[in-house]
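Structure record follows, encoded as structure tokens.
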Amino acid sequence: MDRTPQRREKLARTFKADRIEAFLVSSAANVSYLSGFSGDDSTLLLTRNRAIVLSDGRYTTQLQQECPGLEHHIRQVGQLMVDAIAEVVDKIGVRRLGFEASAMSVADFEALKEKLPGVEWVGLKDRVEVLRAIKDKDEVAAIREAIGFAERAFAMLRAGLRGTESEKDVADALEGYLRRCGASAASFPPIVAVGRRSALPHARPSPDVRIGEADFVLVDWGASGRPYKSDLTRVLVTGKVTPKFEKVYRTVLAAQERGIAAIRPGVIARDVDAEARSVIEEAGFGRFFDHGLGHGLGMDIHEAPRLRRNSDVRLQPGMVVTVEPGIYLPDWGGIRIEDDVLVTPDGTEVLTHVPKSLDSVRVA
Ligand code: ZN
Ligand code: ZN
């Protein structure tokens, strides 16, 4: 079912409050969300009753297949996107035009202002992102599918783990498994960090560090599907469970469970962060949890809503967020546990199912 007309209609209803006659969409994910077009380098111009995709000759056929109901402006060879926008905007006679302030470059903006002196430009933020934050049934199904790819790939990885592989070997293998399990790609380059390296939030997998070198390894990975994404983190125990490891692991797991339990419609995002954070603070590790609790997940790996201290978004059914508390102790290592959670009308559904109890993360 094509839900893009409904999405465009919802967006058009916000034009009045912003006092704009039309809206120029430059973010590729937003163009795709509103038009169904999956290619790149395209712009969407929406008025109250028209939707025009501006693209180039490479995409003529794809546009006809993916969004047959929309108007298409195909740029001639040599016509710049800004010239195409100026031509179309001029033709339909828009005077107050909204645009995505965080997606358009300053250079394009300056060029457009010069080419369209009669147009008043209104920079807007997050108009499409707030719509995207609430997923419909098809989008949730696509996220479930991307989670399935990630979970099957992880099971394959775990089954073959010897301990002699390098971090990079494991990350490369995981990307291969993700594709073999149906993903179009990894949703981001997997993080595979052994021992103390796991305290570096974005350690790049090293060819020189072996998985069995320390007692544990952190893996943060996900799959891109069509085109929705998944995002998980698990720590696998490859050596012995020290009392310190057990304390940190159990604290992170308890914080994560508290965070998930706090999620329901109507709750404010920052309060969910605070619930989980309080568990880590009470255990004395507060200053070692230095990022937000989670983020929205969809066509982008990080999108609205954010679960963090300064986020006053009210959670609503259909939102999908990660819950990923962590404790990072310098020169020791980091523990993070991440799952993907759907806000339902009466609470939550945890969409990810990779076991996370301390017993279940030991690699035999
Ligand atoms: Zn992650
Ligand atoms: Zn994440």
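Atoms within each ligand, like the ligands themselves, are counted from 1 in listed order.
Protein N, O or S atom count below 2.8 Å of the Zn ion (ligand 2): the structure gives 4.
Side-chain N/O atoms of H72 and Y59 include no donor and acceptor closer than 3.5 Å.
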For this session: Could you check E129 against N30 for side-chain hydrogen bond (donor to acceptor under 3.5 Å, both in side chains), going step by step and ending with a plain yes or no?
Result: CA-CA 8 Å; E129 285 76 1; N30 290 347; 3.0 Å; yes
Problem set entry | side-chain hydrogen bond (donor to acceptor under 3.5 Å, both in side chains) between R144 and Y228, intermediate numbers included | CA-CA 9 Å; R144 279 185 210 278; Y228 288 76; over 6 Å; no
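A salt bridge does not link R308 with D273: every distance from a Lys NZ or Arg NE/NH1/NH2 to an Asp or Glu carboxylate oxygen is 4.0 Å or more.
Aromatic ring pairs are classed by plane angle as parallel below 30°, tilted from 30° to 60° and perpendicular above 60°; the pair F99 and W121 is perpendicular.
Here E100 pairs with nothing under the salt bridge (Lys or Arg N to Asp or Glu O under 4.0 Å) rule; sequence neighbours left out.
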